[in-house]
Amino acid sequence: MTAKSTTQVQGEKIWMDGRLVPWDDATVHVLTHTLHYGLGVFEGIRCYRSADGRSAIFRLTEHVRRLFESAHINLMRVPFEPERIEAAICETLRANQLAEGYIRPLVFIGHGAMGLNPGDNPVRVAIAVWPWGKYLGDDGMERGIRAKVSTFARHHVNAKMTKGKTCGDYVNSILAKREALLDGYDEAILLDTQGLVAEASGENLFTVRDGVLRTPPLPGVLGGITRDAVIELARDKGIRVVEAAITRDELYIADEVFLTGTAAEVTPIREVDRRQIGAGSRGPITKALQSAFFDVVTGRDRKRERWLTYL
Ligand code: PMP
């Protein structure tokens, strides 16, 4: 696997169950329920250094809302109010003196009962932060990455609850991602159980053809917060956006294909399954949306300041 596919992380403090603890003390019992069965939920959030030198978290409220929705879908009651989690995220960034980076809130079930019914085991919350550069590489952001349609299908909507970020569901993403990397690609694109394009291992997908942006509709995919932002930014530029099914061969004949996600931001795809996409480099619409996105997250787009929580 390539270096960019792994991230070693280290910081000062981690917020656990209501207080900041030293990084190395943020440990759990081996019978932690989530560790065995995967019933836990998480978020991925980014904080950016603004053009004016301050730090801002991108769409904090929406991410925390989705964290609580993920917990609700899974019948988990988070023992804190959303406002407390938002404040804890800010505290954790400050405690680690992290001006720019990635934020990982995790809600998990602690130890006590074993077996599939977690019973009264405590629901626990951890928040870690760490520096994280371009998830799919600096080069990938400029030149585009190479993707492969996975042999693994995205779970059916009634198997994997698509509106939740549930820990165990990510085994499906990991299988697809590792297969893609081992086969020499950068990322995996998963089809749904009907054979239509769903999303990448941890990103939503867009195509551009004849100037029209297309992305698979929400029922089968995670409601990506970056996806939502990119749709708004595109419409604002007068680009038509349709949420409609995409077939595998429509990827091959698209003018542009790109991915959106908190980690991947807006990443162009230059090749799918050894077919060159468009001119084989980052396309003009992808480039325009990428730069609009970075204007937003760095506070240059005044119209979208409502999406930023300054530290
Ligand atoms: N799909 C999946 C499966 C993901 O894990 C993610 C990352 N959270 C996304 C899409 C993109 O969502 P967002 O833009 O909210 O990060």
Side-chain angles (χ1 to χ4, degrees), residues 5 7 38 40-48 57-71 73-74 89 101-107 132 134-136 141 145 147 149-150 152-157 159-180 187-193 196-207 213 215-234 241 243 246 257-267 269 289-290 292-294 296-297 304 307-309:
S5 66
T7 308
V41 298
F42 68 98
E43 266 305 315
I45 312 173
R46 269 193 195 262
C47 172
Y48 291 89
I57 304 169
F58 181 58
R59 304 193 76 177
L60 175 62
T61 306
E62 290 92 329
H63 280 284
V64 171
R65 179 180 177 194
R66 190 171 64 187
L67 181 72
F68 278 74
E69 288 172 350
S70 297
I73 287 168
N74 286 301
I89 287 171
Y102 190 79
I103 304 157
R104 165 57 52 77
L106 171 71
V107 179
W132 211 357
K134 299 292 171 234
Y135 177 62
L136 292 162
M141 292 299 267
I145 60 158
V149 171
S150 186
F152 297 98
R154 190 48 112 202
H155 290 296
H156 185 276
V157 286
K160 171 194 187 293
M161 303 285 110
T162 60
K163 293 298 155 276
K165 276 181 75 73
T166 302
C167 299
D169 288 344
Y170 279 81
V171 173
N172 176 245
S173 289
I174 292 169
L175 289 172
K177 177 83 183 180
R178 296 186 87 188
E179 175 190 65
E187 189 49 285
I189 297 170
L190 290 96
L191 308 180
D192 64 19
T193 47
L196 298 168
V197 173
E199 57 191 336
S201 65
E203 301 91 20
N204 292 111
L205 178 144
F206 286 82
T207 60
L213 215 54
T215 191
L218 277 184
V221 298
L222 184 73
I225 291 166
T226 322
R227 173 187 186 277
D228 176 78
V230 163
I231 290 174
E232 180 174 317
L233 292 170
V241 184
E243 296 180 56
I246 299 173
V257 180
F258 65 87
L259 300 177
T260 63
T262 297
E265 299 162 312
V266 179
T267 300
I269 294 186
L289 291 170
Q290 234 181 11
F293 175 78
F294 285 111
V296 171
V297 296
R304 243 70 61 163
W307 284 344
L308 302 181
T309 301

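Both counts, for ligands and for their atoms, begin at 1 and track the order of listing. Any value given below was found using the heavy atoms of this structure, including those in side chains, with hydrogens, waters and symmetry copies removed. The first residue in the sequence is number 1, and the count goes up from there.
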Are any side-chain N or O atoms of R154 and backbone N or O atoms of G220, one a donor and one an acceptor, separated by less than 3.5 Å? no

Nearest protein heavy atom with distance in Å, relative to atom 11 (C) of ligand 1: N204 OD1, 3.6 Å

State whether K177 and E187 are salt-bridged, where the test is any N-O pair (Lys NZ or Arg NE/NH1/NH2 against Asp/Glu carboxylate O) under 4.0 Å. yes

Say whether A264 and ligand 1 are in contact under the criterion: heavy-atom distance to a ligand atom below 4.0 Å. no

Polar atom proximity, I225 to ligand 1 (N or O, under 3.5 Å): yes

Salt-bridge present (E199, R227; N to O < 4.0 Å): no

closest protein heavy atom to atom 8 (N) of ligand 1 is K165 NZ, 2.8 Å

Whether the side chain of N204 engages the backbone of L222 through a donor-acceptor N/O pair (distance < 3.5 Å, no angle test) should be reported. yes

Quick one: does H63 get an N or O within less than 3.5 Å of an N or O on ligand 1? no

Taking atom 7 (C) of ligand 1 as the point of reference, which of G224, G261, A263, G202 owns the nearest heavy atom? G202

Measure from the side-chain N and O atoms of R66 to the backbone N and O of K165, and report whether any donor-acceptor pair falls under 3.5 Å. no

Among all protein heavy atoms in this structure, tell me which lies nearest to atom 5 (O) of ligand 1, with the distance rounded to 0.1 Å. Y170 OH, 2.5 Å

Would a distance-only check, ignoring hydrogens and angles, find a side-chain to backbone donor-acceptor pair under 3.5 Å from E179 to S150? no

Surrounding CZ of R65 (heavy atoms of other residues, nucleotides or ligands, distance under 6.0 Å), is the total greater than 12? no

Has ligand 1 got any nitrogen or oxygen that is less than 3.5 angstrom from a nitrogen or oxygen of E199? yes

Can you label the angle between the Y48 ring and the F294 ring as parallel, tilted or perpendicular, going by 30° and 60°? perpendicular

Compute the shortest N/O to N/O distance between T226 and ligand 1 and return yes if it is under 3.5 Å, no if not. yes

Atom 16 (O) of ligand 1 [closest protein heavy-atom partner, distance rounded to 0.1 Å]: T262 OG1, 2.6 Å

Are Y135 and Y102 close enough that their ring centres sit under 6.0 Å apart? no

S201 N/O to ligand 1 N/O under 3.5 Å: no

Ligand 1 contact by E43, heavy-atom criterion under 4.0 angstrom: no

Does the N or O separation between R154 and ligand 1 drop below 3.5 Å for any pair? no

